[in-house]
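These notes concern the structure reproduced below.
Worth saying up front: this structure is predicted, and the values here are computed from it rather than measured.
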Amino acid sequence: MPKSRSKRQKRRPPPKANPKQSPSWLGPLFFVLLGAGVVIIITNYLGVYGGTQSYLLFVGLGLIAAAFALSTQWH
């Protein structure tokens, strides 16, 4: 008795794709942006720049936001 087709062919799953590698500069840049943002906010709060200047708060928050945007690219 002949074998059915389904028993003659062995199914193989497609090959797994190699995971992407993150650039080596991505991790250090994340920490630099995050640290710079925190330092700017803290020094502004302490009045190091001659009183509190509201735009520096937004600069610090912008740097922190940029750091978290970079962290989404980490593989």
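Pairing each heavy atom of Phe30 with each of Ser71, the nearest pair is CE1-CB, 3.8 Å. Scanning all heavy atoms of the two residues, the minimum distance from Lys20 to His75 falls at O-CB, 3.3 Å. Minimum heavy-atom separation, Pro28 to Ser24: CD-O, 3.3 Å.
Looking at heavy atoms from C-beta onward, Leu63 lies out of side-chain contact with Leu34 at the 4.5 angstrom threshold. A 4.5 Å side-chain heavy-atom check between Leu70 and Leu33 finds at least one atom pair inside the cut-off.
Hydrophobic clustering of Ile, Leu, Val, Met, Phe, Trp and Tyr side chains at less than 4.5 Å, counting indirect connections, unites Trp25 with Trp74. Hydrophobic clustering of Ile, Leu, Val, Met, Phe, Trp and Tyr side chains at less than 4.5 Å, counting indirect connections, keeps Phe58 apart from Val39. In the hydrophobic clustering of ILVMFWY residues, with side-chain heavy atoms under 4.5 Å counting as a link, Leu29 and Val59 come out together. Hydrophobic cluster membership differs between Leu26 and Phe68, with clusters built from Ile, Leu, Val, Met, Phe, Trp and Tyr side chains linked at under 4.5 angstrom.
With Gln53 contributing its side chain and Tyr49 its backbone, the two residues share a donor-acceptor pair below 3.5 Å.
Among Ile41, Ile40, Ile42, the one residue that satisfies the side chain to side chain contact (heavy atoms under 4.5 Å, CB included) test with Val38 is Ile42.
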